[in-house]
Amino acid sequence: QLEVASAIVQELNAVTTGANNQLAATAHYLSSRMKGSSGPLRAGGDDLLAPYLAGDLLSLRYTSREGSILEVGDRGRSREEAVGSSLFEAFATAMQGEPYVGRPVPRRGAGDAVAPCVVVALPVRADGEVRGVLAGVVDLSAPWARSVASLGANYIVFGLDDGGTLFAS
């Protein structure tokens, strides 16, 4: 049973790591667009992020230190209370120069099923200073479903965060 739990965690971790790598590439691109300018990133608007919304990322959001926001993807997710709280915490952490990986949070999927996601974020630096935060909402429902399906009908599987809150079943 411990091996089963470990395999599920490894798969979820792989998806989160992949999304973090995707964010790093996007943050590098945004950083290169800001070099030599002092104002917030606006030119191109949300379209700047659109090419980077792929894979398991449900949405991408860049928030400048001044508070302007560029966002693509499923914007409704950021309005969900748990995701919104995680995005707020991600901004505060990444503005201090630290990467952020949040707790898995539940979200409503098709047919009102619980579908887990997690917020990851990185600082975006230009000219030696943090100029904003790039955050992504990562969909964990596909790897969760694959892991649970591979177990067969003899198991009941649920996911709890470190606080004991159910995020997937």
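Numbers for residues simply follow the sequence, beginning at 1.
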Exercise: identify the closest heavy-atom pair between Gln22 and Tyr52: NE2-O, 2.8 Å
When you compare the side chain of Pro116 with that of Ser141, does any pair of heavy atoms fall below 4.5 Å? yes
When every non-hydrogen atom of Val130 is compared with those of Gly97, the smallest separation belongs to CG2-CA, 4.1 Å
Do Asp139 and Leu57 come close enough that some side-chain heavy atom pair is under 4.5 Å? no
Can you tell me how far the CG atom of Leu122 sits from the OG1 atom of Thr93, to the nearest 0.5 Å? 11.5 Å
Looking only at heavy atoms, the pair that brings Gly102 and Val118 closest together is O-CG2, 3.1 Å
Qualifying residue, where the test is side chain to side chain contact (heavy atoms under 4.5 Å, CB included) with Leu60 and the options are Val137, Leu23, Leu48: Leu23
Under a 4.5 Å side-chain heavy-atom rule over Ile, Leu, Val, Met, Phe, Trp and Tyr, are Leu12 and Val138 clustered together? yes
Spatial distance of atom CG (Leu87) from atom OH (Tyr100) [nearest 0.5 Å]: 8.0 Å
To the closest 0.5 Å, what do you measure between CE (Met34) and OH (Tyr62)? 3.5 Å
What one should report as the nearest heavy-atom pair of Val133 and Ala121 is CG1-CB, 3.9 Å
Separation between CE (Met95) and CZ (Arg131), nearest 0.5 Å, reads 10.0 Å
Nearest 0.5 angstrom please: Leu49 CG to Ser59 OG, how far? 10.0 Å
So do Leu140 and Thr16 actually touch side chain to side chain, heavy atoms under 4.5 Å? yes
Where Gly73 and Leu53 come nearest, the two heavy atoms and their spacing: CA-CD2, 3.3 Å
Count the heavy atoms of every other residue, nucleotide or ligand shown that sit under 6.0 Å from CD of Glu81, and state whether that count exceeds 12. no
Are the side chain of Ser31 and the backbone N or O of Ala27 linked by a donor-acceptor pair below 3.5 Å? no
Would you kindly say whether Glu66 and Ser68 are connected by a side-chain donor-acceptor distance under 3.5 Å? no
How many angstroms lie between CG in Leu134 and CZ in Arg61, if you round to the nearest 0.5 Å? 11.0 Å
